[in-house]
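Take a look at the structure below.
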Amino acid sequence: MKYNPQEIENKWQSVWNEEDAFNASYGGGKPHFYCLEMFPYPSGNIHMGHVRNYSIGDVLARFKRMQGYNVLHPMGWDAFGLPAENAAIQNNIHPAKWTYANIDNMRKQLKRLGYSYDWKTEIATCHPDYYRWEQLFFLHFYEKGIAYRKKAAQNWCPKCNTVLANEQVIEGECWRCDSKVEQKELTQWFLRITDYADELLADLDKLTDGWPERVLTMQKNWIGKSIGAEIEFELAEGNGAIRVFSTRQDTVFGATFMSISGEHPLLEQLIKGKEQEAAVRAFVEKLRLEAQKNAVGAEAIEKEGIFTGSYCKNPFTGDLMPIFVANFVLAGYGTGAVMAVPAHDQRDFDFAKKYNLPMRVVVQPKDGDLTIENMTEAYSGQGIMQNSGEYDGLDNETAKGRIADWLESNNKGKRTVTWRLRDWNISRQRYWGAPIPMIYCDKCGVVPEKAENLPVVLPMDVQTHPDGRSPLPDTPEFYRCTCPKCGGEARRETDTMDTFVESSWYFARYTGAREEDRAFNPEAVKSWLPVDQYIGGVEHAILHLLYSRFFVKALRDCGFIELDEPFARLLTQGMVLMDGSKMSKSKGNTVDPTSMIAKYGADTVRLFCLFAAPPERDFDWTDSGIEGANRFVQRVWRLAAELVGQLPAAAACSSTADDAKTEAARETRYREHAAIKKAGDDIADRFQFNTAIAAVMELVNHLYLVKEELLQTSEGKKVLASAQASVLAMLTPIVPHMTEELWQLLGFDGRASSQPWPVYSPEAMQRSVITVVVQVNGKLRGKIEVPAETTQAEIEAAALAEPNVKKHTEGLTVRKVLYVPGKLVNVVVS
RNA sequence: GCCGGGAUGGUGGAAUGGUAAACGCAGCGGACUCAAAAUCCGCCGGUCGCAAGACCUUGCGAGUUCGAGUCUCGCUCCCGGUACCA
């Protein structure tokens with residue numbers, strides 16, 4: 001019987017398809033398990049990264065089903081987005097047509113890999129039946145103040161012709177096309193994610209068991225909580241005050257000047273009528289131009305500033321502090337003004353050196369003798385207060401509290417918390433996205449669309465612009481509307497939503513993908529969510545995962561769902577590399593899954609992706625590696641094919657102690673059960689699919705050695721049949737087509753994919769003779785074989801009598817003998 | 001700079017304080033074959049030794065422990081994230 005993967009894979013894929021083999025249903029008494037992989041963007045073809053991601057998810061989904069869970073394992077399409085528009089412009093095809101054609105192709109490719117998805121819950125986010133609910137959420141968000149409109153400087157990608165959220169600017173470049181991001185003043189729609197900063201941070205503690213630590217850390221850093229104080233510095237001329245935020249209010253006695261951003265609201269007042277006025281204006285204009293050209297967050301630039309001509313007063317020392325406009329002060333963080341403490345902050349130190357400004361040491365390290373003369377850099381560590389009036393001699397952490405108390409009781413400031421997180425700009429000046437359901441009326445202003453008028457459907461009949469500009473502002477059929485309030489003529493919002501809005505709730509929609517009258521069935525949401533296991537690339541550690549966490553909390557507060565966190569456990573899989581670097585079309589180092597499937601079959605491709613490395617780690621695609629995987633698949637096939645017609649019908653772990661009459665039979669039974677324990681533990685507890693597969697390989701290797709002997713007796717056949725069934729059961733989540741076929745060929749009952757995960761018995765794993773390792777002073781000196789029931793005293797005596805052990809203990813005194821039951825004896829001598 | 005992760009044979013990787021190198025890949029030897037491929041069986045960290053065995057070996061240096069790849073401390077290098085965030 002020759003192994004023909006194309007034939008058997010097609011056969012079983014049709015069977016699963018006809019039988020709706022993997023549909024989930026809630027209720028039914030079984031415990032629920034929601035296994036989800038990040039849905040793909042329909043770019044046209046799946047790549048090896050998808051294969052790895054979805055193979056990991058499929059092993060888990062199938063394994064959980066075998067363990068008796070009712071598993072929800074859905075798939076869908078993150079279908080709005082720029083590539084569709086760009087392809088449309090290039091190939092003169094409508095983005096919708098391009099997108100749906102790609103979906104059809106990729107669905108075919110996924111089906112060809114035999115993934116056990118519930119295709120009845122498939123969704124595409126570009127469909128009005130999907131995004132209509134998103135528009136409804138937006139109306140609720142608007143009503144609750146979670147969605148709002150504001151004018152501000154925005155990240156602008158000149159190539160994509162649209163704004164970007166902060167999270168989508170990577171090292172100053174657009175996350176999609178790597179263009180330098182510019183700043184542009186625009187009025188945009190925002191979601192108030194900052195209102196949830198506290199909860200987003202605090203709830204990370206609920207995820208410590210199931211999420212990788214580095215993802216938690218990245219989110220924590222991104223949210224960026226800083227605890228400090230706000231301090232008021234009165235202007236010397238008595239006409240107001242500058243407020244600053246500082247995490248180091250303990251160093252306030254060392255504040256010798258003030259730095260403010262070029263966009264500070266008091267700047268006009270500070271320079272008005274001063275001789276520096278013109279020069280400052282020129283400097284600010286220069287900064288503005290540079291900011292537009294230069295990427296946000298590009299590498300550090302030389303510190304520069306200019307004196308405004310005004311002074312403020314240090315509330316503690318009473319000293320006058322010159323006020324500077326400085327290029328490193330961010331308008332958008334804190335209050336846009338910084339008290340400069342050159343002795344204890346490196347930036348202020350550099351600035352003071354450059355402009356020859358005074359310094360004062362106010363925190364002295366333990367046994368330090370810092371002076372302004374001997375300092376070559378700022379000291380930002382802990383220490384003892386000095387030059388700080390009544391606070392001298394205190395440690396600086398204590399002083400922090402006392403100074404905050406003083407500020408509060410003297411009305412000069414207060415304790416404050418500042419966040420790095422900014423509100424989420426969701427407006428996009430592009431066509432292929434979900435319309436924002438808002439209307440502008442000359443009479444009534446900004447008016448939300450009525451819920452009963454949803455969905456606001458994206459028009460299909462539009463002419464795209466070659467430069468990527470959205471056609472919506474030129475499409476009167478779309479933007480002309482009547483005001484829901486006064487009935488007069490009005491204009492629709494023509495920006496669309498960021499595609500990350502769609503991916504922020506799709507996991508919830510899967511629980512009731514065909515609901516027509518509501519976004520979710522609350523019962524279904526409650527029974528399935530949170531997602532038990534989420535699997536995807538670490539590149540979404542901040543973007544998608546932070547947005548989704550926020551979105552769920554916002555939906556909860558609007559009464560749509562009862563849920564705090566969307567994903568209970570997260571697995572971030574590594575990349576598939578080629579010659580040490582990421583596969584990419586431009587480098588020409590890609591491997592096309594379709595051609596690999598054509599050559600080896602889906603089972604081999606799945607096996608290799610799972611065996612090459614543990615899931616979290618990157619691995620290199622190698623031709624010899626997939627050859628090796630194919631060799632194992634063939635080896636399993638041959639082993640079973642040779643046994644067809646010779647074995648009794650059996651299930652995994654069905655042989656009994658009575659059947660194991662010979663040494664070979666006992667050993668086989670032992671190894672069968674040991675492999676099941678190892679493979680089950682590795683898959684369930686650790687996602688170590690590579691070692692689970694290795695355990696099955698060992699068992700297969702053993703069966704090759706003993707099969708002839710076991711075929712001699714009927715008891716032996718029972719033992720062999722049981723072990724063979726176990727091999728197939730264990731491999732079913734990994735190479736499901738082959739195991740279904742072999743299960744059927746061997747005449748075993750039912751289907752491999754509907755077998756329960758085998759249960760090992762401790763009795764089978766008892767050995768009659770055990771090997772005990774003997775160490776002398778921790779060094780391996782021998783091994784002894786003893787019957788399992790030997791007492792500790794007898795084992796210790798045997799260990800001491802072992803010839804090589806004797807040699808190493810001769811003439812020495814035995815101080816101690818340690819015994820690790822069934823494993824090891826360590827003789828301590830001196 | 002700060003935060004996180006890592007370093008084990010020729011190679012991908014095992015080892016949940018107790019036999020370091022499981023299972024693969026590559027390589028070598030044997031069987032089968034007219035021959036080759038495929039397959040099956042065996043060997044495969046280093047040094048010394050005829051052998052029994054001894055010594056060395058998990059990036060480097062210390063420590064805890066009867067016993068450390070694993071725990072602790074101090075370094076080196078690599079990867080990822082993030083950065084004028086006050």
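In what follows, every chain begins at residue 1, and chains take the letters A, B, ... in the order their sequences are listed. Side chains are part of it too, since the values below use all heavy atoms of this structure and drop only hydrogens, waters and symmetry mates.
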Counting the atoms with a prime plus P, OP1 and OP2 as sugar-phosphate, which does [X] contact under 4.0 Å by heavy atoms, base, sugar-phosphate, or nothing?
X: A/N690; result: sugar-phosphate
X: A/K779; result: sugar-phosphate
X: A/F245; result: base
X: A/N804; result: sugar-phosphate
X: A/V828; result: sugar-phosphate
X: A/F632; result: nothing
X: A/H344; result: nothing
X: A/V329; result: base
X: A/Q346; result: nothing
X: A/N826; result: base
X: A/G224; result: nothing
X: A/R422; result: nothing

Of all heavy-atom pairs between A/E232 and A/P315, which one has the smallest distance, and what is that distance?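 For A/E232 versus A/P315, the nearest heavy atoms are O-CG, 3.7 Å.
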Kindly say if [X] contacts the phosphate of [N], meaning a side-chain N or O under 4.0 Å from OP1 or OP2.
X: A/S624; N: B/rU11; value: no
X: A/R815; N: B/rG67; value: no
X: A/R420; N: B/rA83; value: yes
X: A/R781; N: B/rU19; value: no
X: A/Q688; N: B/rA15; value: yes
X: A/H808; N: B/rG53; value: no
X: A/R347; N: B/rC85; value: yes

Answer yes when A/E642 and A/R638 have at least one side-chain N-carboxylate O distance shorter than 4.0 Å, and no when they do not.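 The answer is no: the pair does not qualify as a salt bridge.
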Pick the closest RNA chain B nucleotide for A/T217 and for A/G334 by heavy atoms, then say which residue is nearer the 5' end.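 The answer here is A/T217.
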Sorted by position of nearest nucleotide on RNA chain B, 5' first, the leading residue of A/E213 and A/P614 is A/E213
Could you give the distance separating [M] and [N] at their [atom1] atoms, to the nearest angstrom?
N: B/rC79; M: B/rG10; atom1: C1'; result: 23 Å
N: B/rG18; M: B/rG61; atom1: P; result: 24 Å
N: B/rG81; M: B/rU65; atom1: P; result: 41 Å
N: B/rA54; M: B/rG59; atom1: C1'; result: 27 Å
N: B/rG63; M: B/rA26; atom1: P; result: 44 Å
N: B/rC44; M: B/rA22; atom1: C1'; result: 15 Å
N: B/rC77; M: B/rG69; atom1: P; result: 25 Å
N: B/rG45; M: B/rC40; atom1: P; result: 22 Å

Side-chain (A/N777) to main-chain (A/V829) donor-acceptor, under 3.5 angstrom: yes
Would a distance-only check, ignoring hydrogens and angles, find a side-chain to backbone donor-acceptor pair under 3.5 Å from A/H344 to A/Y379? yes
Paired with [N] by Watson-Crick or G-U wobble geometry, both distances under 3.5 Å: which nucleotide is it?
N: B/rA26; value: none
N: B/rG1; value: B/rU82
N: B/rU76; value: B/rA7

Can you build the contact string for nucleotides 36-49 of chain B? Use B for base contact, S for sugar-phosphate-only contact, and - for no protein heavy atom under 4.0 Å. ---SSS--------
Do A/F608 and A/M48 have side-chain heavy atoms sitting under 4.5 Å apart?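 Result no, sub-4.5 Å side-chain heavy-atom pair not found.
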Are any of the side-chain heavy atoms of A/M738 and A/V633 separated by less than 4.5 Å? yes
Under a 3.5 Å threshold, yes or no: a donor from one side chain and an acceptor from the other, between A/E167 and A/W424?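 There is no such pair between these side chains.
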Donor on one side chain, acceptor on other, A/R815 and A/S830, under 3.5 Å: yes
Is there, by distance only and without an angle test, a donor paired with an acceptor across the side chain of A/K303 and the base of B/rC84 below 3.5 Å? yes
Check: A/K783 side chain, B/rU19 base, donor-acceptor under 3.5 Å: yes
So if I take residues 671-679 of chain A and measure heavy-atom distances to RNA chain B, which residues fall below 4.0 Å?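 The answer is none.
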Parallel, tilted or perpendicular: which one describes the rings of A/F689 and A/F687, with boundaries at 30° and 60°?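 A/F689 and A/F687: tilted rings.
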Please report whether the ring centroid of A/Y355 lies less than 6.0 Å from that of A/F257.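 So the answer is no for these two rings.
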